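Take a look at the structure set out below.
For ligands, and for the atoms within them, numbers begin at 1 and follow the listed sequence. Here the structure is a predicted model, which means the values were calculated and not measured.
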Amino acid sequence: MRGMAGDPSKFARDLPKAELHLHIEGTLEPDLMFELARRNAVPLPYASVEDVRQAYVFSDLQSFLDIYYAGCRVLLQEQDFYDLTSAYLQRASKQGVRHAEIFFDPQTHTDRGVPFESVITGIHRALAEGRERLNVSSGLILCFLRHLPEDAAMRTLSEALAYRDWLLGVGLDSSEVGHPPSKFQAVYDRAREAGLLPVAHAGEEGPPGYVWEALDLLQVRRIDHGVRSLEDERLAGRLVEEQIPLTVCPMSNVKLRVFPALRQHNLKRMLERGLLATVNSDDPAYFGGYVADNLEAAAAALELSREDLILLARNSFMASFLSEGEKRRHLNDLSGFADQPSLKTTS
Ligand code: ADE
Ligand code: ZN
């Protein structure tokens, strides 16, 4: 890490930050997968934790999703969703996360016969406890699976509205190419009418045209990934002009071969271009690192400075759905952290 005094990994970890792109199902670590498989008597296609890790080699988004959805089969009871979320929050807190806006994929579970109520109640209970015990605030974003039809998303939204007060927003994930945002215009209209804040994965594998659609048709407030936006100069200009946040996930992008290596990632170019980019972990149990690990790895590969990392942490709060007062409080904490004499740059 350029211009960095002290231990770069401690710096990335201690930096106060928000995480805005995190699939709770993507935090299922192999040891918990084995424990839940045993508890629920679900057979696993893996002999050991080591065997699981060896299976996590992906050629693209779909090859990952196949394994990710298979892993979800061990999640059956409310307690499982609680344990999953609780484990994430403990890890996130140790990685300097002060606020997390968390995705969940209810259709992955309800389509297997798990009641929506078990999913959301388990997650919600752990989030409430995380606020009290770890001082990590949070919000929950319901994602629609874009490979399924829009009427399935609409039914999921109807069911979710019984828990309206536990939800912050809606998102769109799963297989991107062939499933453009325009397919989900009506369900987003309804979600926005209910006061849910819209975000969507776009421009991960899909073309810049999908990012335009997410902005214009779904009226999203953030773009998840959006790394392909830089291929379209006019789109990049709009994102800068309107300061629309991009929730970038560097390690995910390398694992899913969006970029051949971290050194080729366009995160630094995004910052240079004036985009409101943030760094996040996406599915950390599958991609090998939580949010501070992503910051540290990106910093090493792209020669990001201490100031770049502070800017990324600042962006994470600015891009969040926190109130203006809460943002100010976190930004003050961040300034206090950055001003510590022990962290002065070496250059
Ligand atoms: N679901 C979980 N992780 C995802 C990703 N990176 N892209 C799309 N859908 C996902
Ligand atoms: Zn994602």
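- Closest to atom 6 (N) of ligand 1, if we only count protein heavy atoms, is Asp282 OD2, 2.7 Å.
- Taking 2.8 Å as the criterion, His21 counts as a coordinating residue of the Zn ion (ligand 2), since one of its N, O or S atoms falls below it.
- Taking 4.0 Å as the cut-off, Asp224 does not count as a neighbour of ligand 1 on heavy-atom distance.
- The neighbour count for Glu132 CD, taken as heavy atoms of other residues, nucleotides or ligands under 6.0 Å away, does not exceed 12.
- Those atoms of ligand 1 that come under 4.0 Å of a heavy atom in Phe64, given as number and element, are 2 (C), 3 (N).
- Ion pair Arg98/Glu326 not flagged as a salt bridge, since none of the NZ, NE, NH1 or NH2 atoms sits closer than 4.0 Å to an Asp/Glu carboxylate oxygen.
- Grouping Ile, Leu, Val, Met, Phe, Trp and Tyr residues whose side-chain heavy atoms lie under 4.5 Å apart, directly or via other members, places Phe321 in a hydrophobic cluster with Phe103, Ile141, Leu168, Leu197, Val199.
- No donor-acceptor pair closer than 3.5 Å links the side chain of Glu205 to the backbone N or O of Glu176.
- Connectivity analysis of hydrophobic side chains (ILVMFWY, heavy atoms under 4.5 Å, direct or indirect) links Val254 to Leu262.
- Looking at atom 7 (N) of ligand 1, its nearest protein heavy atom turns out to be Glu204 OE1, 2.8 Å.
- Not a single heavy atom of Phe103 sits less than 4.0 Å from an atom of ligand 1.
- Nearest non-hydrogen protein atom to atom 4 (C) of ligand 1 is His23 NE2, 3.6 Å.
- Although no hydrogens or angles enter the test, the distance criterion places no donor-acceptor pair under 3.5 Å between the side chain of Glu296 and the main chain of Ala12.
- Contact of the Lys183 side chain with the Arg146 side chain is not registered, since no non-hydrogen atoms from C-beta on lie closer than 4.5 Å.
- The atom of Asp282 that is an N, O or S and sits closest to the Zn ion (ligand 2) is OD1.
- Under a 4.0 angstrom heavy-atom cut-off, His225 registers as being in contact with ligand 1.
- Nearest protein neighbour of atom 9 (N) of ligand 1, counting heavy atoms only, is Ser174 N, 2.8 Å.
- The contact set between ligand 1 and Tyr68, taken as ligand atoms under 4.0 Å from a residue heavy atom, comprises 2 (C).
- Remark: the backbone N or O of Asp283 is not paired with any side-chain donor or acceptor of His23 at under 3.5 angstrom.
- A donor-acceptor pair is defined here as one N or O able to donate and one able to accept, closer than 3.5 Å; such a pair exists between the side chain of Gln107 and the backbone of Leu145.
- Here the protein heavy atom with the shortest distance to atom 3 (N) of ligand 1 is Asp283 OD2, 2.7 Å.
- Not one N, O or S atom of Cys249 sits under 2.8 Å from the Zn ion (ligand 2).
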